[in-house]
Each structure stands twice: as structure tokens, then as C-alpha cells.
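Below: the structure, in C-alpha cells.
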Amino acid sequence: MFVERQEQLAGFTAALEDCRAGNGRLLSVVGPMASGKTTLLRAFTEHAEAAGFHVLWATGSRTERELPLSLVNQFCHGFPSPTDHTDRAGLIREVHNASAALLANSERAPLVVAVDDLHHVDPLSLHCLLYLVRRIRNARVLVVVSGRDLTEPTDPQLYAELMVLAADNHIEIPPLSRHGVGELLAEAFGTHPADPLVDACTRASGGNPLLARTLIADLRSAGGPGLDRDGQVVPGRAYTAAARRYVERCEPVTRRVLAAAALLDGRPPAGLLTLARLAEVDTAAARRELSGLENAGLISDGRLPHPQARQAVLDQLPPEALTDLHLRAARIQYEGGAAPLPVARHLLAAGRTPAWAGPVLGAAAEELLGSGDADLATALLRLAHDGATDEAERVAFKVALLRAEWCTDPASAGHRLGQLTDAVRTGRVDVAARVTTAYCLLWLGRTAETVEVLDGLATLEADTEERARIRLLTAWTRFTHPGLLRDDPAEPWAPQRAAETVVNTKEALAQALETVLVKGPNSAAVITAEQALPRSSARGDALTMHVAALTILIYADQLETATQWTDRLLTQARERGVSSMEGILTAVRADIAYRSGRLADAQRHAEAALATMCRESWSTAVGGPLGTLLLALTARGRLAEAARYLDEPVPDAMFETVWGLHYLRARGTYYLAAGQPEAALDDFSTCGDLMARWNLDLPALAPWRIHAARAHLALGRPQQARMLAESQLTQLGQEPSRTKAAALRVLAAVSPLAQRPTLLREAAEMLRGCGDLLELAHTLADLSQAQRSLGDFHRARMTVRRAYGLAGDCQADGLRQRLLPDVDDAAPEEAEESYTEALNSLSDAERRVAVLAAQGNTNRQIANRLLVTLSTVEQHLTKVYRKLSVTRRADLLAKLGPRVSNVA
């Protein structure tokens, strides 16, 4: 009970001994409210009674401030007997007689007169007390009084005079230190408390004994101490009730300053003038009240000790008063140049939108969207929308609300599109708002309204930036919904300019996307995509720019670069809490993983993408992640799981989009693996028909000819398969690609046996370069069969082991199962000897280059990885070829053994 109060107890004991010796005095106990003065005063009097003193106790009361002689009346009820005066009423009337009686009784037994809450004592009783104090210097009478800071006494002059008389006899009660709080915890729980718990309890109590003890009582009731994720202690009802009692006992001025401090709560730290204006007191009063509250541990650095203490203070305010306080705080901070977010928080708490508040709420919402708090941003925008002063401002906030709500739930946000489309028709929105509306309509499959908005954009006058945004929107629409717009665009805002003259990032990206749609990916498009990614901001068209640039990189087989950027953008989306962006980018990541042959990763990312948003929010784009998931499960041999996903309904409108092509390809691949080649061929042919109708022949998007050829092979139609493979090869350029490699693999299957190894090795070389491990595993499996059929059993064994190892890396369980009978487990020792002998003939530098080259890395990739020049790599490879007696890169893998290919 008396932690860190031993010094005060010792001071009182010394005063008692002085009193017993005949040296009377006035002793004052000073300290902030709820610092334990009453408890300590009770302890003083109990100690005095035990020492043979007679004790008179009285307490000032707020309700008896105007009751004359209320304190003296309390003394008389405890007046020592017998006395020379039998008329107690006379004692009340006769101050002199009362004082004389006390002094007389002190000669028989020393006397302690204790007065608690002196500030509430009525003026007449104060007169009596002063009369007595002036006459006890040589008497065995000790008068002990306690008063409270920051409380106006009933009679300030008399109160001050008493305090002057006690000037040399103060017993101060400071807040508990960290060590003191630790002692209380140890006393309560019987063990030495951990440092984080002591720190948390010290912060939450501010060293105030009342708050500290109630906090510890709450912890005991909860079954033991514990901290939340932020390292704060979790108080209960006792702590909250104590904070409320503190507020109830405060004077009105103190209560206003405390409420103002609780409302601002250090966000940002409020200056004295701001706090005074909010509390509606002068700065001197605010300074005095703050000092007292800091001494009491209720405020530190402008903040209350704990959020529950802050809430307890605010809960004491009537709702109307709290609303008014928030509105005044918002106005004061706004006029003081505060950041938008603190001002907006007060406006939201008040639920009001003053005429000046719209821009502030909008700016605060933008800040929150950038930091990942879409829910709070949406709430602010709704408040701004409801308080908009004119129709133009209201429409602007509708657009902002659409963007904010779209971050987490596109389907729910779509309810605003009808109103915005109407606003577009009446010309009440700007170009940026029209573009945003069009993107959202397009995503949700509302294509007729999309075309209407796009047609309206074509008639507007627009500046350079706006024209670029419109062109990017149009290019994206042509990519995702190829048959939606007419084939002969004649938009005045989309001038056909040479690539070197395009300076706007959006326009350059739009032109690159248009080029890919017509001619396929090229190096110029790849450069544009790489340049666009770091330049796209986190606002406006950012997601479209991200996905368009990543799509170009993926179609150009730049999978490593695409992976790095996708992972970086995914991190940003998660940090910002933009689940819609996270879902779309995760679907892109799944596609990259599948194209790289990382089937488990592809499945995991596709499942995560589908879980991020509901199917309604995915709309027609659900074919993207769903198609990738089907491809991954099929390649892993998990046909039963794939079949369950195929049973899920998809929107009919999806088959008018690129995601529909992706889904058809995936479903056909499943049918082919499930032994239904006719159904597979139907899906692949549908892909071809749609692409022909859309005048879109982009093998990187959907290589339908290759898949259809494989279906024909399964149906025993080699001639049709050959025609499709040759047709695909004639439409591809000279650049190596995964599509060309896949076509060569089909062509090998229908070619004479002697030609197959050459075609398959060429395909494998391409696949190593583009990083498609799954197709490489299939190609090597076919190559091993061709080698075995030609009688080259040694090479066949080496090749099938490489294929089996790669299939394991990809987790392509179906392929592994098929290859297992051909894997020769009897020759690992021979292979190990060959491998060791080959490597021992090379220097360390040559060995590193040889292994990387055998794994499929290009010379430039090897140079970058080893931090050497391209010329050095070429020189090392020349020596490697000579020492190993090989003439080309493809033979390195056979020479060095299966272990090399498995390090991928």
C-alpha cells in the first residue's frame, strides 16, 4: 500500500515526535489529484493513534462548501471527553472556546487534527482552523491538511494563508516511478515482473497510484499480466472506472483542458495555443492545467497514458458536446495548416462536412489509399460526397469513391457505375473520370456502356496527357476484348507516330501493346515495357500500365524480368491493402510460374488469386487464374481436382475476352490428358475460330495450332498435326520462342525417326533459353524415345534421366510416372564416373561456365552471373568444347551428366 511512500511516513513520524515534545505545527500534504493523499493521511492518523495521540478527522466536501462550520461540526463529533464544556453547540458557536478546549485536551494527550480536501472547506471553518493553527506553536497539537492542485478553494485568501503557514512543513507525494510500479506488480503477482510489462504498466498509469493499482487489479482479474501486439497492457473495467472517477472529480476548467488533450491526443502534438483554443480557456489557464495533469500522470508529451484512459475522458462528454469539440478541433487544425488526415479524422468523428472540408477529406483519402487503409478512405469520401456543395463536386467524389471501393471489392463498387454513366452522358465528368469509369465497366463485363463511354471520349477535346490515357484505354480494350471495337480506329486523339517520337509513357505503352497485338512481341516493345514499369505511379491508370507492361514481357519470354517486377508490385499492393490489385498481380505471377514450369508455384499463386476476390469481382477475368490453375493441376496429374474446378460455372461473356481463350486452352489441355481428344480438339478449334474472327493471331496468347496438332496426334491423324505445326512455324519469325520449340516438338513426332533428334535438340536449346522447364522435360522425354529407337541407348539413358529430373523439379507427376519405367537405375555409377572425369578436365572457371551453359543460360546471362565480360565467357566455352570433344552447347548436358540440369 505504501510503495515509494516511506520518506513521507518518516516525515510524519518526525512531526509526531516534535508534537509530543510540545512543538505544535501545521503540516500540509500536497500532491495531484488521485495521488494517494487520502490514503496516506489515513495511514498518518492510524500511526498517530497507535502512538497514543487523539485524532480528530474531518473532510471537506464539494456539497458542503456553502454550509457554515461544516468542518468544525465534524470535529465536534469526535471531540475528546471529558471536557470543561458540556454544550457542544456552544463549541460550534464559540471558536475561542473550541480552540481552548482542544489546547486543554492536548495537555492530557497529544492531538492530531486531520483535514482532508481542504480546498472544499467552508470559509467559516477555515477561519476557525486558522485561529487554532496560530495558537499551537507551544502545544502538543499537530494539524495535518491535504489539498488538491488545480481546484479553486472556497476562499482562496484564507486557503493561501494556511498554505503560507505550512510553507516549511510540506510532505510532497510524487507520481510512482518505474521502480515503484514494478514493486506493485511484484507484490500483486509474487514474482519479479518482466521489463516490458513494467514499462507498459508505467506508461498506462503515468505513475498515478490510482490508475496503477486499478490496472494491476484488472490484470489479476484477467488471470495474469499480458501485452497486446503493440506492447501495451490491456486494462479492464477497474482502470476505466478509475479514469472516469478522475474526470468526474475535476473542476470544469480542468475537465475542458483534459477533454481537449484527449481529443487531440498528440496527433500531431498540440501547441499550447491550439489546446487553449479548443478548451476555450486562456493560455495561462491551459498552461496551469496541463502542468497539474502532467504531475498527476494523466498527460505526458501531450498524450493520455492509454487509449482507454483517452476514451474514458471523451465518454464523459455529452454527444452534442463531443461533436462540437471535434468540429472545432478540425477547424482549428485546418486554419493552423495541419495535414489533411488529422483534420479529416475529426470531421469523420463529428459526422459533419463543413463547406470548407471537401478538399481536405479528398486529400486525406488519397493519403490513406497510398498507405493501405481503403476502408477509412472510403468512409472519408462518403462523408465528403454527402456534404458536397454542388453537383460537380458530388460527381467527383463518386469517382473517388469508385476508385477506393474498387481497391477491395470491384463487384460492390460497381453499383456506382450506373450513376457515373449517366453523368458521362450529361457531360458532367472530366476525361480522367470517364477513363476510370470505362475501365471499371470493361472489367465487370458491361461492354455496351464501355463502348458508349469510349465513343464519347472520341469527341472530346483533350490535352496530351489525356490523349495518352485514352489511347492506353483503347489499346487495353482491344487486347482484353478483341472483338468489341471496330477494326479501323480513326480517333483524332490517337495519332500514328513513330516509336522514337513517343515521349509520353502511357502513349508509348499503348503503342507497344498495339504492336504486340498485330505483330507479336519484339525488342522495342520489351524496352518500352521495362521503361514503363518504374514510371507508373500508384494512382490512376497504374494497374493497367502494370499488367500491360508485364503482359508484353511475358509474351516476349522475359520471364525472369517479369517475375522480379511482379513480386515487387505485389509487395506494394499488399502493403497498401489493395486486394483487387493483389489478386490480379497474383494471377499474373501464376501465369509466369506455369510458363516457367514451376507447377506447384503456379497452382499456389492461382489459388491465392482466386481467394483474394470473389468470383463476382473477378467477372470475366476469372478465366485467367482459373485457366492457369487448370493447366497446373493437369500437368501435375491431378485430374480429379481439375475436374472439380471445371464444374464451377463461368460467365458466358468471358468467352469474348482473352481470358476466355486462356480458359479454353486450359480446358482442352485437361480433356487431352483425360483421354478425350475430340473434346480437346473442339476447345482448341474454338480458340482458333475466335482468334480468326478477331483478326488476332498471337501464339504467345493461345498457341491453339500446337494444341490442336497434339489432339490430332492423339486421334491418330499425323497429317493434320503436321499441317498445323508447319503452319505455325511459317507464321513465326526467326527469333527463338517457346511456341517455335513446341511446334518443332510436334513436327518431330510426325517426321522420320532419323530427323527427330535434330528437331528435338533444336527445340530443347530454345526452351533452355526461354526458361520453360516443363516443355523442356517433355521435349527431352521425346528425345530419349527417339534415341532409344535409333539404338543410342547410352544417350537415351542420360536424356531420360534429365527429363525425369526436370519433371521432378516441375512437380509434373504425370510425366514422371510415364518416364519411370525408362529410367535406368543400374547405371548411376557409370554416369558419376563420366561426370567426374569430364569436370576434372576443366579449370574452376571453365567448370563454372560449362555448368551454367549446360543449364541453358545464354553467354550474356553467364557473364552477368559470374561478373565477367562476354569475351571471357566465349573464351572459356571454346576451351570447354575442345577439352570435352563437343561442338555445340546441346552436347554439354549429355557430357556433364544429369546433375547439371537439375540445378535450375
Side-chain angles (χ1 to χ4, degrees), residues 230 253 255-287 289-291 293-294 298-307 309-311 313-315 317 319-389 393 396-397 400-401 403-404 538-539 575-577:
D230 298 325
V253 174
R255 198 177 302 178
R256 291 205 301 272
V257 172
L258 186 57
L263 198 76
L264 298 175
D265 201 30
R267 294 196 306 255
L272 183 64
L273 180 58
T274 299
L275 194 68
R277 288 182 63 192
L278 184 57
E280 295 181 305
V281 299
D282 59 56
T283 53
R287 182 182 292 107
E289 299 296 331
L290 277 177
S291 176
L293 290 168
E294 288 174 351
L298 264 292
I299 288 181
S300 177
D301 297 327
R303 306 197 70 167
L304 274 76
H306 193 277
R310 173 181 180 270
Q311 194 58 48
V313 172
L314 297 179
D315 285 344
L317 296 173
E320 300 81 2
L322 183 58
T323 296
D324 181 64
L325 196 64
H326 276 296
L327 286 173
R328 285 193 288 112
R331 183 74 191 205
I332 290 168
Q333 289 190 324
Y334 171 71
E335 291 175 348
L341 188 53
V343 178
R345 289 183 186 276
H346 289 300
L347 293 171
L348 184 63
R352 306 275 182 83
T353 311
W356 53 267
V360 176
L361 291 167
E366 284 291 326
E367 180 182 343
L368 288 166
L369 288 173
S371 63
D373 196 342
D375 290 339
L376 182 54
T378 301
L380 294 181
L381 290 171
R382 286 173 180 161
L383 184 65
H385 173 271
D386 294 344
T389 56
E393 187 178 36
F397 282 123
L401 272 168
R403 289 173 177 156
R539 299 163 60 184
E575 289 174 349
R576 293 173 53 209

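Keep in mind that what you see is a predicted model, and the values were worked out from it rather than measured. In this chain, numbering begins with 1 at the start of the sequence shown.
- With contacts defined as side-chain heavy-atom distances shorter than 4.5 Å, the pair Arg277/Glu335 qualifies.
- Around the CZ atom of Arg328, the shell of radius 6.0 Å holds more than 12 heavy atoms that belong to other residues, nucleotides or ligands.
- Across every non-hydrogen atom of Leu272 and Thr283, the tightest pair is CD2-O, 3.9 Å.
- Taking the side chain as every heavy atom from C-beta outward, Pro342 and Leu264 never approach each other to under 4.5 Å.
- Residues Arg576 and Gly370 come closest through the heavy atom pair CG-O, 3.2 Å.
- Atoms CD and CZ, on Glu366 and Arg403 in that order, are 7.5 Å from each other to the nearest 0.5 Å.
- Summarising the geometry of Ala329 relative to Leu263, their closest heavy-atom pair is CB-CD2, 3.6 Å, with the distance given to 0.1 Å.
- Here the CZ-CG distance, from Arg345 to Leu361, works out to 12.5 Å after rounding to the nearest 0.5 Å.
- Side-chain contact between Leu275 and Val281 is absent, with no heavy-atom pair separated by less than 4.5 Å.
- Atom CG of Leu258 and atom CG of Leu290 lie 9.5 Å apart (nearest 0.5 Å).
- Between the Thr353 side chain and the Leu383 main chain, a donor and an acceptor come within less than 3.5 Å of each other.
- Shown here for Val343 and Ala330, the closest heavy-atom pair between the two residues is CG1-O, 3.6 Å.
- Checking side-chain atoms of Thr378 against main-chain N and O of Ala374 turns up a donor-acceptor pair under 3.5 Å.
- Rounding to the nearest 0.5 Å gives a distance of 10.5 Å between CG of Leu347 and CZ of Arg331.
- Applying side chain to side chain contact (heavy atoms under 4.5 Å, CB included) to Pro340 and the options Leu380, Val360, Leu368 leaves one that passes, Val360.
- Leu348 places a side-chain heavy atom less than 4.5 Å from the side chain of Leu376.
- Atom CG of Asp373 is separated from atom CG of Leu341 by 8.5 Å, given to the nearest 0.5 angstrom.
- Taking the six-membered ring where the residue is Trp, His326 and His346 present tilted rings, their angle falling between 30° and 60°.
- To the nearest 0.5 Å, the span separating CG on Leu304 from CD on Gln311 amounts to 11.0 Å.
- The shortest distance between side-chain heavy atoms of Leu278 and Val257 does not fall below 4.5 Å.
- The minimum heavy-atom distance linking Gly362 with Phe397 is given by the pair CA-CE2, 4.2 Å.
- Closest approach of Ala259 and Leu317 over heavy atoms only: CB-CD1, 4.0 Å.
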